[in-house]
Structure formats: structure tokens, C-alpha cells
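None of these values were measured; they are calculated from a predicted model. Just the heavy atoms: all of them, side chains too, but no hydrogens, waters or symmetry mates, feed the values below.
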Amino acid sequence: MAGSHGRCALQGSRRGGLAALAAIAAVALWAAPLAAARVEVSGLAASFSSLQAGGSPDFQLTIDLASNPASDDPRDLVITLPQGLVANPLAAQRCPVADFKADACPAGAKVGSTTVRARVEALLGAEVTANGDVYNLVPGPGEPARLGVVVRPPLAGTQHYQVTVRIRGDRGFVIENVMSGLERTAGGLPIRIEQITLALAGSVAGKPFLRLPTSCRRADIAVAVRSWDEPQVETRRTVAFTPVRCERVPFRPSLSGTMGAPGATSIGATVPVTASVITFPDDAAVAATTVSLPRAVGVNLRSLSVLCDPAAFAADRCPPETRVGTARLASPLVERPLELPVYIVRRDNELPALGFRLYGGSIIGRTKLGERVTNIFAGLPDLPLSRFDLTVDGGPRGLLQASSDLCNTTTPRDAEATFSSHSGIDVTISTPFGVDGCPPGATRPPAATRYRLAHGLAVRGESATLLVRVSASRPLARAVLTLPPQLAATRRSRATVTVGGRRLRGRAVAVRGRSLRLRATRPGRTLVVTWRGLRAARSVVRALRARRTPRLAVRLTVVESSGARRAFRLAVRARRR
């Protein structure tokens with residue numbers, strides 16, 4: 001990585017936003033008669049004003065083109081952006097296509113600029129530079145976004161290129177941007193394009209436009225070109241970058257839910273259940289969820305007689321009778337929430353699971369049965385969401401049924417969920433679900449305590465630091481934190497504990513074997529434990545060196561000032577410092 005004018009620069013090799021970036025290369029074609037039998041992307045460089053994960057940096061992409069002496073020219077240009085590198089088409093004004101073609105887009109729709117360097121063969125190879133602009137266009141039906149590039153070459157009339165955008169769920173939710181049918185002449189003169197540079201603004205009119213991935217793993221931008229004479233041949237080049245400082249990206253998911261309906265609250269009734277996850281647009285994206293429903297609901301085994309075959313699910317051809325609900329996704333990138341059918345899908349050697357299709361990709365979960373019905377979704381894309389509602393329908397084919405009278409005040413209604421972010425943070429939440437359909441005048445159950453827990457384990461060598469943060473809707477007086485077998489306290493271990501923002505000292509904090517016991521003289525609604533100097537087992541160290549992400553089961557028991565007790569089993573994710 002080399003700095004240039006204070007920017008983070010990245011250079012690609014042969015080994016290897018939403019769509020706005022694709023428009024970039026399109027510019028190259030303001031007159032593209034690349035006289036060559038083989039058109040190649042000979043160089044590719046990208047730079048960002050910052051590599052802060054989840055940030056909105058200014059972006060610059062430089063594409064070098066080369067060709068063998070002949071008469072071929074580029075026809076199609078495809079830029080594939082990695083999952084998580086997106087642009088928000090709602091952050092800027094949208095220009096109607098008719099205005100774009102008339103070169104009359106408003107200034108508020110401009111999201112970037114471009115420079116194209118070329119040589120005019122008919123003028124003794126004179127070098128010519130053309131400047132242009134990139135605009136945010138009104139997308140076509142079913143498109144998430146569309147970009148327009150206006151190039152103004154000095155030797156020809158203004159040229160306009162539109163870039164179509166697809167989110168490829170079938171390829172890991174990368175963003176594919178395609179510019180087709182590139183022109184071969186400009187003003188009747190053959191021109192050889194040598195370099196295209198595009199600069200895109202990180203923010204437009206004070207609103208974030210670009211967003212880097214919220215994961216701190218390597219990400220690749222790929223550029224491919226196909227020519228007019230050899231459209232079956234595609235040359236490709238990639239450039240890599242790695243976001244940094246994931247620990248600075250906030251992650252604040254919340255959980256709520258309802259169950260039941262009029263006439264569907266009694267024992268044995270099939271009940272609708274909705275679980276809702278709300279996140280902040282500038283937070284890290286959710287990578288995985290584990291939601292355990294209240295103990296008051298279980299699985300209606302009769303509903304599992306008809307399942308969607310995995311092959312049919314992958315082809316988006318599940319039988320209608322296997323549909324069991326709806327997934328509703330709201331994102332700051334789309335004007336209207338997406339509503340997607342949810343199916344019950346057969347899984348080999350596992351319990352049937354819920355699944356839905358998103359942008360051509362499959363999101364299929366796992367099911368666990370025990371004291372609670374638990375649904376697990378992993379591999380969720382690094383795309384910003386503001387709300388996700390998963391509704392399982394009731395009715396004769398309802399998947400869930402009440403195992404207790406939902407309107408009884410003693411019926412357990414607490415749900416528990418763990419959310420894992422792409423940035424490496426885990427949050428566990430416990431909250432009561434509401435009940436719909438209880439008769440008028442029914443006694444409302446006493447409000448249950450709501451809990452929110454964030455946790456993580458940082459490991460350097462064999463030394464580890466465990467962090468647990470707890471927020472509760474009622475004051476906490478005592479707690480016991482128990483380590484898993486893979487962690488051990490040593491003589492150098494030190495635990496810092498605060499309750500309600502006040503640090504506990506002396507006998508208020510005691511270590512006994514693998515357990516940390518604390519007692520607050522003044523109860524508080526927050527508890528923060530930072531336990532440094534722990535020794536990690538060799539299996540944990542080896543897993544991290546192999547770039548695996550081990551999860552360790554940490555037990556936490558808290559006692560409220562009222563004497564009510566609550567136990568949690570935290571799946572803490574380890575990461576290297």
C-alpha cells in the first residue's frame with residue numbers, strides 16, 4: 001500500500017458504492033476504438049481517503065487499458081464490487097434518464113467525476129484528455145440503482161453511458177455493474193484509450209454516499225473487459241483492500257416480538273409469531289443471528305409433513321403449500337421494504353429449517369429444538385439494514401403452536417437472541433414478546449426485565465482479555481461470571497468491574513477458580529467486566545492462527561436487587577489482537 005496525497009492507495013495484480021464504481025470504466029469508452037486483437041486491463045489501482053471500516057471515504061479508481069496492434073475495441077466492461085462496498089442511491093438526488101441524455105442533470109445528482117486519457121492515432125498519436133461527470137440516475141424496474149456517466153471529449157460530441165446494477169446473491173452478494181455496447185469511434189477518429197480515472201465522493205450534500213465493508217477482512221474489486229471481435233474472451237484484473245479498526249464501528253441491535261392472534265392464544269392453537277430486529281444505519285451489519293423463541297410456543301409437527309426440497313428452494317420453485325411466513329427487510333438503500341416469502345425447507349441429516357431468497361441468493365437457517373425453538377441464520381450479507389421482521393404464519397398450516405395459554409400472566413414470554421456483527425462484536429438480548437388476541441380486560445403480565453449483553457474475547461499469544469457489558473431495565477446487585485475450560489485465570493489476571501458506572505473494589509470482587517463473583521453495595525442497571533491476563537488454551541491459539549473463529553461458552557448469572565435471578569450462556573467469539 002502506498003500513500004498518495006494523504007490517501008490510502010492500493011495496487012492490483014493479475015492474481016488477483018453500490019454500483020457507482022462500475023460507471024467508472026464505462027467512461028473509458030467515450031470513444032473506444034482500441035486497435036487491438038485483445039483488449040486487456042493492464043493495470044488497476046484503487047485509493048480511499050480512509051480505510052476505516054464502515055466509513056464513507058472519498059474513492060478513486062484508475063484503470064489502465066492495453067491492446068495488441070490490430071483493430072479490436074472494448075464492447076462490455078464489468079466491475080464487480082465486494083460484499084459490503086456499497087453506495088446509497090437515496091443519499092443524492094436522482095436524475096431522470098431523459099434529463100441525463102440531454103446533459104441536464106441537476107447538480108444535486110452529481111456523485112463523482114472522471115478523467116479519460118487517450119491517444120488519437122490520426123493525429124500522430126497526440127494525447128488527449130477528456131473530463132466528465134458521474135450522476136445518480138432513476139433506476140429501472142427491479143433495479144437497486146443506476147449510474148450515468150457523461151464524458152465530454154474535446155474532439156467529439158458529449159457521450160452518455162448508463163450502468164446497470166445487480167446484487168448477485170448467487171455469488172456471495174457482490175455488486176455487479178455492467179456497461180455494454182461501448183462506442184468504437186469519436187468524431188469519426190480512431191482513439192486509443194490508455195487510462196481512465198474516476199473519483200467518487202464519500203458524501204453528497206452532507207449525507208454518506210459510499211460505505212466501506214464493516215468487516216476487516218480482505219476485499220477485492222474486479223474489472224473485466226470483453227471486446228467486439230472476441231466477446232467470448234474476457235480479461236480480468238483485481239485490486240485488494242482491507243478495512244481497518246472494526247472495533248470502532250458501533251453495533252446496537254435490538255429485539256422485539258409478538259405472538260398470538262384473536263382466537264389463537266390457547267394451548268394447542270397454531271399461533272402467528274413475529275420477531276423484529278432493529279439496527280442503526282451506520283452500525284456494523286449483522287452477520288449471524290440466533291433467536292430462541294419464548295418457551296410458550298413449540299413446533300406444530302403436523303406442519304412438517306410437506307417440505308420444500310433444497311434443489312427446488314435454490315431454483316426459487318418451492319410449492320405454495322411449503323410457504324410458512326414472510327420476511328420483511330427495510331434498508332436505507334431502498335425506498336420500500338422488501339417482502340419475501342419464507343419456506344420450510346428440508347435439510348439433509350438435520351431438522352427442517354426456514355429459508356428465503358434474497359437477490360438470487362439463498363438464506364437458509366438451522367433449527368434446534370429443546371426447551372425452546374431456536375432459529376439460526378448465518379452468512380448474512382454485509383449490507384445495511386434498518387429493520388428485519390420475520391413472521392411465521394398461524395392458521396391450519398401454522399408452523400408454531402402454543403404450549404401454554406398465552407394470555408395467562410404466568411406464561412413465560414421471554415425470548416433470547418444473539419447477534420454477531422461483521423465487525424466481530426456479539427450482542428445477546430433477552431426481552432419479553434407481546435401477545436395479541438387476549439380477551440378485553442385480561443390481566444396484563446408484570447413487565448419482565450429486558451437485558452442486553454455485548455461480549456468479546458481478544459487474544460494475543462496465550463494471553464486473553466474477556467469483555468462483558470450488561471444493560472438491564474432493572475437494577476443489578478450481584479453476578480457470577482464463569483469461564484469455559486479453554487480459559488483460565490492466573491496470578492497475573494486482573495478483573496475491572498463497574499456497576500452503574502461505579503467501580504467495585506476490595507471484597508466486592510472475588511475470583512474463585514474459574515468464577516468471578518461480584519456484589520454491588522449500590523445496585524445499577526449496567527454491569528461492565530474487563531478480565532485481563534487470562535490464559536487461553538492452545539486449541540484456541542491454534543484456531544486463531546489458522547484464521548478460524550472459535551466460540552467459547554461463558555456462563556453469566558445475574559441477580560437483580562429484587563432477588564430475581566437470570567442465567568445466560570454466552571457464545572463468546574475469540575479474535576486476535
Side-chain angles (χ1 to χ4, degrees), residues 53 214-218 242-247 249 251 284 286-292 347-351 365-368 370 374 376-380 382 416-428 453-470 479-497 509-518 528-557 567-577:
T214 60
S215 166
C216 286
R217 291 188 289 267
R218 166 180 165 146
T242 303
V244 297
R245 297 185 293 274
C246 275
E247 69 278 2
V249 185
F251 186 54
V286 177
T289 67
T290 300
V291 178
S292 296
R347 300 202 64 168
D348 294 337
N349 302 317
E350 292 189 36
L351 293 171
R366 294 174 54 213
T367 302
K368 290 185 176 181
T374 299
I376 303 170
F377 287 102
L380 301 177
D382 190 357
E416 292 187 4
T418 296
F419 302 101
S420 300
S421 73
H422 280 273
S423 62
I425 298 175
D426 294 327
V427 171
T428 299
L453 303 93
H455 38 85
L457 181 71
V459 181
R460 175 180 292 176
E462 292 187 353
S463 178
T465 298
L466 175 66
L467 174 64
V468 177
R469 292 191 180 98
V470 183
V480 178
L481 185 67
T482 303
L483 300 175
Q486 300 94 328
L487 292 176
T490 67
R491 292 182 178 180
R492 296 184 178 182
S493 299
R494 295 292 181 271
T496 302
V497 182
V509 181
V511 177
R512 297 180 182 176
R514 295 183 184 275
S515 295
L516 176 70
R517 300 175 180 270
L518 60 94
V528 180
V529 177
T530 305
W531 202 348
R532 298 181 175 87
L534 301 174
R535 185 176 67 248
R538 292 182 180 179
S539 60
V540 175
V541 177
R542 288 195 298 267
L544 291 172
R545 288 175 178 171
R547 299 185 179 276
R548 298 196 300 272
T549 306
R551 288 183 178 272
L552 284 67
V554 175
R555 288 181 293 160
L556 174 67
T557 301
F568 298 93
R569 184 179 183 275
L570 308 178
V572 178
R573 182 165 33 164
R575 60 179 178 84
R576 296 180 68 179
R577 286 191 293 182

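- Rounded to the nearest 0.5 Å, atoms CZ (Phe419) and OG1 (Thr290) are 9.0 Å apart.
- Across all non-hydrogen atoms, the minimal contact from Val528 to Leu467 is CG1-CD1, 4.2 Å.
- Distance CZ/Arg460 to CZ/Arg575: 10.5 Å, rounded to 0.5 Å.
- To the nearest 0.5 Å, atom CZ of residue Arg494 and atom OG1 of residue Thr530 are 14.5 Å apart.
- Residue Arg469 qualifies as open at atom CZ: its count of foreign heavy atoms under 6.0 Å is 12 or below.
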Go through Arg573 and His455 one step at a time and tell me if the side-chain contact (heavy atoms from CB on, under 4.5 Å) criterion holds.
CA-CA 8 Å; Arg573 182 165 33 164; His455 38 85; over 6 Å; no
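- When all heavy atoms of Ala53 and Cys216 are compared, the pair lying nearest together is CB-SG, 4.1 Å.
- Annotation for Val459 and Ala574: closest pair CG2-CB, 4.4 Å, computed over non-hydrogen atoms.
- Using a 4.5 Å cut-off on side-chain heavy atoms (C-beta onward), Leu556 and Val529 make no contact.
- By the neighbour-count criterion of 12 heavy atoms within 6.0 Å, atom CZ of Arg569 is sparsely surrounded, having that number or fewer from other residues, nucleotides or ligands.
- Taking CZ from Arg217 and CG from Asp382, the interatomic distance works out to 8.5 Å, rounded to the nearest 0.5 Å.
- Side-chain contact between Trp531 and Val511 is present, with heavy atoms from C-beta onward closer than 4.5 Å.
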Kindly indicate, with the supporting measurements, whether the criterion side-chain contact (heavy atoms from CB on, under 4.5 Å) is fulfilled by Leu516 and Val497.
CA-CA 10 Å; Leu516 176 70; Val497 182; 4.3 Å; yes
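- Counting only residues at least two apart or in different chains, side chain to side chain donor-acceptor pair (under 3.5 Å) contacts with residues 539-552 comprise Ser420-Arg551, Asp426-Arg551.
- Checked by atom type and distance alone, the side chain of His422 pairs as donor or acceptor with a backbone atom of Leu380 at under 3.5 Å.
- Taken to the nearest 0.5 Å, the OG1 atom of Thr482 stands 12.0 Å off from the CG atom of Leu487.
- Annotation for Arg514: atom CZ counts as buried by contact number, over 12 foreign heavy atoms lying within 6.0 Å.
- A heavy-atom distance below 4.5 Å is not found between the side chains of Leu466 and Leu552.
- Across every non-hydrogen atom of Phe251 and Val286, the tightest pair is CE1-CG2, 3.8 Å.
- Without hydrogens or angle criteria, Thr289 side chain to Ala417 main chain gives no donor-acceptor distance under 3.5 Å.
- Within the 4.5 Å cutoff, the side chain of Val554 has heavy atoms near those of the Pro484 side chain.
- Pairing each heavy atom of Thr418 with each of Thr428, the nearest pair is OG1-OG1, 3.1 Å.
- Annotation: the span from Arg535 atom CZ to Ser493 atom OG amounts to 8.5 Å, rounded to 0.5 Å.
- You'll find the side chain of Arg532 reaches within 4.5 Å of the side chain of Thr496, heavy atoms only.
- Taking all atoms of both residues into account, the shortest heavy-atom contact from Leu483 to Ala489 is CD1-N, 4.1 Å.
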